[in-house]
Amino acid sequence: VRDIILSISSGINAEYGDHFFVNMEPSSVVLAAKVEQEVDMTEVNEIEVEETVAQIKNNDSSLTTCCFNNVQMDTEMVDSITSAMVRNTSVTKLEMCNCGVVDANIEGFITMLRSNKTLTSLSLETNKIAGKFLVELIKCLDTNETIKELRIANQYYSTGVGDEMAIAKALDKNSSLCKFSLNWKNGGSRNTADRIIMRNNDLARKKRRGLA
């Protein structure tokens, strides 16, 4: 791991594998690290999926983080999770990396993100979501004011230039997202996303200081 100190004025770029992760901190100088991968795909996850889904449905206040990483699921199980999350007011972090999430599940995530007002972090890295469905996922954030972190990098399918341009355009309509990951291949779209995430972090900083 090689640490690089970057100033806020130039933005913060941390590379996870070959994808771009933007992470701005409230201090004037932050630390960005180059690491190979965020999620260990060989790690065994012993979570009781059905029991956890029941907790989500019952809005168990003790359950604030759900980590399903590396648990392979069928589309029905993924849909049951997003359906349960629609009315949940306790879970703030949902991790579903390397879970077998596919295009058919995205409508459920869209409904969840349009309805849920508690979730602040969603990780969907290392799944099988095509570019055009990633675009639709980002578009639904135009009315979401609570999501702060979204990870969608390392999908089985590569995104095209058109998809990345559409993603960057859709990101501009959200003002709450402060951390975002994607395997950017188009430099222009990547730079646009960088500026948007920096803008959102600046807005969040002003809110914390009572200036916005």
Side-chain angles (χ1 to χ4, degrees), residues 14 16-17 19-23 35-141 144 146-159 167 174 176-183:
Y16 294 93
H19 74 263
F20 178 61
F21 186 77
V22 183
N23 178 16
V35 298
E36 291 305 314
Q37 192 163 330
E38 181 74 1
V39 177
D40 181 1
M41 290 191 294
T42 63
E43 183 178 355
V44 177
N45 189 341
E46 298 182 351
I47 188 172
E48 295 290 340
V49 177
E50 292 186 2
E51 179 180 323
T52 304
V53 172
Q55 285 181 279
I56 297 173
K57 286 182 179 178
N58 294 329
N59 208 15
D60 185 340
S61 61
S62 68
L63 185 68
T64 59
T65 297
C66 292
C67 179
F68 295 104
N69 293 345
N70 298 331
V71 178
Q72 292 301 305
M73 306 178 187
D74 56 28
T75 56
E76 289 77 12
M77 181 56 72
V78 174
D79 286 344
S80 70
I81 293 172
T82 55
S83 177
M85 282 293 299
V86 168
R87 293 181 177 82
N88 183 278
T89 58
S90 298
V91 177
T92 60
K93 187 173 186 178
L94 178 62
E95 297 183 350
M96 298 184 68
C97 302
N98 191 33
C99 287
V101 178
V102 296
D103 298 342
N105 296 126
I106 297 304
E107 187 60 38
F109 283 100
I110 290 174
T111 300
M112 177 189 76
L113 289 168
R114 288 201 181 279
S115 304
N116 187 291
K117 305 302 180 184
T118 306
L119 189 70
T120 60
S121 177
L122 174 63
S123 298
L124 292 174
E125 293 181 333
T126 318
N127 282 297
K128 295 183 177 181
I129 310 170
K132 66 178 182 179
F133 289 94
L134 293 177
V135 172
E136 294 306 311
L137 185 70
I138 304 302
K139 282 183 177 179
C140 84
L141 299 180
N144 187 306
T146 54
I147 194 74
K148 296 179 180 178
E149 177 179 11
L150 178 62
R151 298 171 182 261
I152 56 173
N154 199 33
Q155 300 299 322
Y156 181 80
Y157 307 105
S158 296
T159 51
I167 287 172
N174 173 274
S176 65
L177 199 63
C178 294
K179 295 181 181 180
F180 180 75
S181 75
L182 178 69
N183 297 75

Walk me through whether Asn70 and Glu43 qualify under side chain to side chain donor-acceptor pair (under 3.5 Å). CA-CA 7 Å; Asn70 298 331; Glu43 183 178 355; 5.2 Å; no
Identify the two heavy atoms, one from Ser121 and one from Ile147, that lie closest to each other, and give their separation to 0.1 Å. N-CD1, 3.8 Å
In terms of heavy-atom contacts, Gln155 and Asn183 come closest through N-OD1, 4.2 Å
Hey, what do you get for CE (Met73) to OG (Ser80), rounding to the nearest 0.5 Å? 8.0 Å
Heavy-atom side-chain proximity of Cys99 to Asn127 below 4.5 angstrom: yes
Separation of Lys93 NZ from Leu122 CG (nearest 0.5 Å): 11.0 Å
Smallest separation among heavy atoms of Phe133 and Ile106, with atom names: O-CG2, 3.7 Å
Taking atom CE of Met85 and atom CG of Asn59, what is their separation to the nearest 0.5 Å? 9.5 Å
Let me confirm one number: the CG-NZ distance from Leu137 to Lys132, rounded to the nearest 0.5 Å. 15.0 Å
Start with the C-alpha distance between Thr42 and Asp40, add both sets of side-chain angles, then the distance that settles side chain to side chain donor-acceptor pair (under 3.5 Å), and finish with yes or no. CA-CA 5 Å; Thr42 63; Asp40 181 1; 2.6 Å; yes
When every non-hydrogen atom of Ile81 is compared with those of Leu94, the smallest separation belongs to CG2-CD1, 4.3 Å
Between the side chains of Asn154 and Thr126, is a donor N or O closer than 3.5 angstrom to an acceptor N or O? yes
From Asn105 atom CG to Leu124 atom CG, the distance as rounded to the nearest 0.5 Å: 9.5 Å
Find the distance between CE (Met112) and OG (Ser83) and round it off to the nearest 0.5 Å. 11.0 Å
If we only count heavy atoms from C-beta on, is the Ile152 to Ile129 side-chain gap below 4.5 Å? no
Shortest non-hydrogen contact from Asn144 to Ser176? O-OG, 3.5 Å
Residue pair Glu95, Ser123: steps toward the side chain to side chain donor-acceptor pair (under 3.5 Å) verdict: CA-CA 5 Å; Glu95 297 183 350; Ser123 298; 4.8 Å; no
When every non-hydrogen atom of Leu63 is compared with those of Cys66, the smallest separation belongs to CD2-SG, 3.6 Å
Quick one: are Phe180 and Ile138 in side-chain contact, heavy atoms under 4.5 Å? yes
Between Ser181 and Glu125, is there a side-chain heavy-atom distance shorter than 4.5 Å? yes
Residues in side chain to side chain donor-acceptor pair (under 3.5 Å) with Arg114, at least two apart? Asp142, Thr143
Could you go through Thr146 and Thr118, starting from their C-alpha distance and side-chain angles, then the distance that decides it, and tell me whether this counts as side-chain contact (heavy atoms from CB on, under 4.5 Å)? CA-CA 7 Å; Thr146 54; Thr118 306; over 6 Å; no
Looking at side-chain heavy atoms only, is the closest gap between Met77 and Glu50 below 4.5 Å? yes
Would a distance-only check, ignoring hydrogens and angles, find a side-chain to backbone donor-acceptor pair under 3.5 Å from Gln72 to Asn98? yes
Verdict with reasoning, Thr65 to Val91, per side-chain contact (heavy atoms from CB on, under 4.5 Å): CA-CA 6 Å; Thr65 297; Val91 177; over 6 Å; no
Would you say Asn45 and Cys67 make side-chain contact, with heavy atoms under 4.5 Å? yes
Taking atom NZ of Lys117 as the centre, does the number of heavy atoms from other residues, nucleotides or ligands within less than 6.0 Å exceed 12? yes
Side chains of Ile167 and Leu134 in contact at under 4.5 Å (non-hydrogen atoms): yes
